[in-house]
Amino acid sequence: MSPAHSGCAGPMPSEESSLEAERRSKIERLRSRRIEPYPHSFPGRVPTREVAAAASRLAVGEESAHAEYRVAGRLRSVRTHGRASFADLVDQSGTLQLVLRSDVLGDEAYAAWLSDLDPGDIIGAIGYAGRTRRGENSLVARSLVLLAKAISPPPEKYHGLKDEEQRIRRRYLDLLASEDVRRRFRLRSEIVQEVRRAFDAAGFLEVETPILLPVASGAAAAPFVTHSRYLDEELQLRIAIELSLKRLLVGGLERVYEIGRCFRNEDLDATHSPEFTMLEAYWAYADYHDLRRLLEDLFERVAARTQELMPNVPEVRAATDRFRPPFPTLDFVESLERASGISRVADLSVDELRLRARAIGATVPDDSPPGIFLDKLFEHYVEPTIDHVSFVIDHPASTTPLAKRHRSKAGRVERFEVFCRSFELGNAYTELNDPDEQERRFREQLSARGEDTYAYDADFVAAMRYGMPPATGIGIGIDRLVMALLGATSIKDVLLFPQTRARSG
RNA sequence: GGGCCCGUAGCUCAGUCGGCAGAGCAGGCGGCUCUUAACCGCAAGGUCAGGGGUUCGAGCCCCCUCGGGCCCGCCA
């Protein structure tokens, strides 16, 4: 038993419906038949897919009583047909039809099972493969075993669970009602595995660094704040992994990555969740070109796996097509100039930039640094034009205070962002490793903006003074990557248990 | 934080002009040995999100609250 997760526990239906009373009375009946409704295990089961495969090798109408199979899963529907019935059994491998016949199960058992089983029950079936006269791959059941009686009825068998609130709050119902939803979340896990494989294969070490920190830094965001009773000190939940991983570079771990939850005390909307899964990777002695190559390979692989797992879903097909190489490269400045018609945009004064930003309706403070205005212009003119997965590279230095200066382009930094359908998937730099410059920029950040800014992490600067190798680093939003691959329009579609308000009253 | 929309049976949804609360699925009873959203017949199932108001009369109109969705603003 894993630790209970909080959050979605929520108060749920207190009064039982008459349907539930009916099912409870069936439990009593079953017990009077000396059938335990909640037994301990069901050994020897095979996936339903295996039986379906065996049945598919038979002729229509043929049955093969030689081999016996044990399958288990959730009963989805029962089509009673007098002295023969058909039931659909769903397990993780798929759906298998059970053929229930009084002449095979025995008249008494047949009648008893039909009256005491309901859709939603977890059952085991023991029998042999057969193909019905209508050609359906089936298991002809010699006996049935109740494994868990469901008291609450499942969602409607055809339409499933549609109510968005219920889908989120009671994701288990959404999952049990929809093979498609189950596949999407399975895909999410596989994408994470694929990411691990890519970084492992490139010689990276997966590490785990603190989530609870004295001060959350490494990004500009509002942290969640908590309190340690032991220390009697305030702690903050991390908003980024960056500074922990860079400390590891100082310590001589040359290639490290972490996949983990980060927390930002901000709104939930279509592309933001207060807790989200971030991949960050840091690579000593390499630069952002190396990371980009690694990423391009990774994208091809996850897109292929996505198509494999979810063929024939048009929106998924359209989404994965965006991950087909080559991936366009957009120079930040050139693409902005082309899209906006503004020439020499990087040379404009702050005042000119502010006017341009105001003209497109950007609502940022007047005293913002030039990079903020450039970002706004880019968001307005260029981002909406990005559909295919694309790399935006070499941003003006003023937009990116914490990246290393570009080695050849004046006024730029070595950075790329990956975009898909106008939202950002990832962000990579050739990292700063001059401790004095790091400290200076931290301080500039502090004075530049208000509350949501980089907290000053003195120990991190101290670490860098011992020497951090030249390195490149990247952050990828795993939730967004999954969204992009599935063509999902809301981050809630890729989070098993998105944040919801506690139910009151 | 601002705007718009939604909440009816366990689930999926109708509900017209303010006039008896409806259907399908699921469940109950009966029928059916090839169905697959099985089908046929009968009966049952409601705090119309919650609270207040208008009205002879409110699921429907008005106000408040709760929850959700979408758009905008901010962060990835």
Side-chain angles (χ1 to χ4, degrees), chain A residues 10 13 15-23 25-26 60-61 76-88 95-104 110 115 118-120 130-138 140 150-170 173 177 218-223 239-240 262-274 276-280 361-365 375-376 417-419 423-427 450-453 475-481 483 489-492 498 500-505:
Chain A
E15 316 127 28
E16 294 209 336
S17 67
S18 59
L19 295 178
E20 290 169 330
E22 188 65 46
R23 285 164 178 243
S25 75
K26 290 179 183 181
V60 169
R76 187 172 59 196
S77 62
V78 183
R79 298 175 288 281
T80 64
H81 219 290
R83 296 171 63 73
S85 296
F86 304 90
D88 289 336
T95 300
L96 179 69
Q97 175 169 275
L98 304 180
V99 175
L100 312 177
R101 287 206 311 249
S102 58
D103 60 344
V104 180
Y110 175 82
S115 65
D118 290 294
R131 243 180 123 190
T132 62
R133 294 200 276 267
R134 295 293 176 92
E136 181 73 21
N137 299 326
S138 307
V140 181
I151 290 170
S152 302
E156 211 261 359
K157 66 187 172 192
Y158 184 67
H159 298 92
L161 195 65
K162 285 278 180 57
D163 183 285
E164 279 301 319
E165 181 177 356
Q166 293 304 320
R167 288 190 55 207
I168 290 168
R169 286 187 190 273
R170 307 169 83 183
L173 291 182
I239 56 176
C262 290
F263 305 84
R264 299 190 182 178
N265 206 340
E266 286 153 5
D267 287 356
L268 180 109
D269 67 22
T271 54
H272 298 84
S273 170
F276 60 103
T277 301
M278 182 96 102
L279 159 80
E280 290 197 38
T363 57
V364 284
D375 273 337
K376 287 291 161 191
E417 285 179 285
V418 196
F419 283 90
F423 67 77
E424 189 184 17
L425 290 180
N427 187 16
E451 301 155 18
D452 294 0
T453 187
I476 294 173
I478 295 292
D479 315 277
R480 288 186 174 185
L481 176 60
M483 280 177 72
T489 54
S490 169
I491 197 168
K492 292 178 193 173
T500 50
R501 269 174 214 284
R503 280 276 184 110
S504 62

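Quick caveat, the model's predicted, so the values are computed rather than measured. Each chain gets a letter, A, B and so on, in the order the sequences are listed, and its residues count up from 1.
Nucleotides B:C42 and B:G18, compared at atom P, are 34 Å apart to the nearest Å. Of the C1' atoms belonging to B:A26 and B:A9, the separation is 11 Å, rounded to the nearest Å. Taking atom P in both B:G30 and B:G19, the straight-line distance is 40 Å, to the nearest Å. The C1' atoms of B:C32 and B:C39 are separated by 9 Å, rounded to the nearest whole Å. For the C1' atoms, the distance linking B:C61 with B:U16 amounts to 16 Å, nearest Å. Taking the P atoms as reference points, B:G2 lies 16 Å from B:G73, given to the whole Å. Here the separation of B:G1 from B:C11, taken at their P atoms, is 30 Å to the nearest Å. Taking atom C1' on both B:G59 and B:G51, the two are 16 Å apart, rounded to the nearest angstrom.
In terms of position on RNA chain B, the residue among A:Leu161 and A:Ser273 whose nearest nucleotide sits closer to the 5' end is A:Leu161. Comparing A:Arg131 and A:His159 against RNA chain B, the residue whose closest nucleotide sits nearer the 5' end is A:His159.
Counting only heavy atoms from C-beta outward, the side chains of A:Leu173 and A:Gln166 never approach each other to under 4.5 Å. Between A:Pro223 and A:Phe263, every side-chain heavy-atom pair lies at or beyond the 4.5 Å cut-off. A heavy-atom distance below 4.5 Å is not found between the side chains of A:Pro119 and A:Ser77.
At whole-Å resolution of the value, CZ in A:Phe419 and P in B:A76 are 11 Å apart. For the pair A:Leu268 CG and B:G73 P, the computed distance is 17 Å after rounding to whole Å. Atom P of nucleotide B:G3 and atom CG of A:Asp269 are separated by 18 Å, given to the nearest angstrom. Per the geometry, CD belonging to A:Gln166 stands 14 Å off P belonging to B:A49, to the nearest Å. Computed from coordinates, the A:Tyr158 OH to B:C13 P distance equals 13 Å when rounded to whole Å. Between the CZ atom of A:Phe86 and the P atom of B:C39 there is a distance of 14 Å, given to the nearest Å. The CZ-C1' distance, from A:Arg169 to B:G10, rounds to 18 Å in whole Å. We find that CG of A:Asn265 is positioned 18 Å from P of B:C74, with the value rounded to whole Å.
Considering only the side chain of A:Arg79, B:U36 comes nearest among B:U12, B:U36, B:C34. Candidate nucleotides B:A76, B:G10, B:C74 were compared by shortest atom distance to the side chain of A:Ile491, and B:A76 ranks first. Taking every side-chain heavy atom of A:Thr132 into account, B:U36 is the closest of B:A76, B:U36, B:A37.
Across every strand in view, B:G18 sits unpaired, with no contact that passes the Watson-Crick or G-U test at under 3.5 angstrom. Under the Watson-Crick or G-U wobble criterion, with both distances below 3.5 Å, B:G7 is paired with B:C66. With a cut-off of 3.5 Å on both pairing distances, the Watson-Crick or G-U wobble partner of B:G41 is B:C29.
For the residue pair A:His159 and A:Glu156, the shortest heavy atom distance occurs at N-OE1, 2.6 Å. Between A:Leu268 and A:Lys492, the shortest heavy-atom distance links the atoms CD2-CE, 2.6 Å. Smallest separation of non-hydrogen atoms from A:Met278 and A:Cys262: CB-SG, 3.9 Å. A:Arg131 and A:Asn137 make their closest contact through CG-OD1, 3.4 Å (heavy atoms, listed as atom of the first residue, atom of the second, distance). Looking at every heavy atom in both residues, A:Thr132 comes nearest to A:Phe86 through CG2-CE2, 4.2 Å. Across A:His81 and A:Ser85, no two heavy atoms sit closer than the pair N-OG, 3.4 Å.
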Filtered N/O pairs between nucleotides 27-33 of chain B and protein, under 3.5 Å:
from: B:G27; atom 1: O3'; to: A:Lys26; atom 2: NZ; distance (Å): 3.4
from: B:G28; atom 1: OP1; to: A:Lys26; atom 2: NZ; distance (Å): 2.7
from: B:C32; atom 1: N3; to: A:Gly82; atom 2: N; distance (Å): 3.1
from: B:C32; atom 1: N4; to: A:Gly82; atom 2: N; distance (Å): 3.4
from: B:U33; atom 1: OP2; to: A:Arg83; atom 2: N; distance (Å): 3.1

If a protein heavy atom is under 4.0 Å from the base, mark B; if only from the sugar-phosphate, S; if neither, -; do that for nucleotides 4-9 of chain B going 5' to 3'. ------

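Across all strands shown, A:Gly160 has heavy atoms under 4.0 Å from sugar-phosphate atoms exclusively, and none from any base. Among the heavy atoms of the strands lying under 4.0 Å from A:Glu136 is at least one base atom, whether or not backbone atoms are also near. Within the 4.0 angstrom heavy-atom criterion, no nucleotide atom of any strand lies near A:Phe423.
The pair A:Arg23-A:Glu20 fails the salt-bridge criterion, with no side-chain N (NZ, NE, NH1 or NH2) lying under 4.0 Å from an Asp/Glu carboxylate O. Between A:Arg79 and A:Asp88 there is a salt bridge, with a side-chain nitrogen of the basic residue lying less than 4.0 Å from a carboxylate oxygen of the acidic one.
A donor-acceptor pair under 3.5 Å is absent between the side-chain atoms of A:Tyr110 and the main chain of A:Asp103, judged by distance alone.
Remark: A:Lys162 is not in phosphate contact with B:G69, judged by side-chain N or O atoms under 4.0 Å from OP1 or OP2.
The base of B:C75 has none of its N or O atoms less than 3.5 Å from a complementary donor or acceptor on the side chain of A:Asp267.
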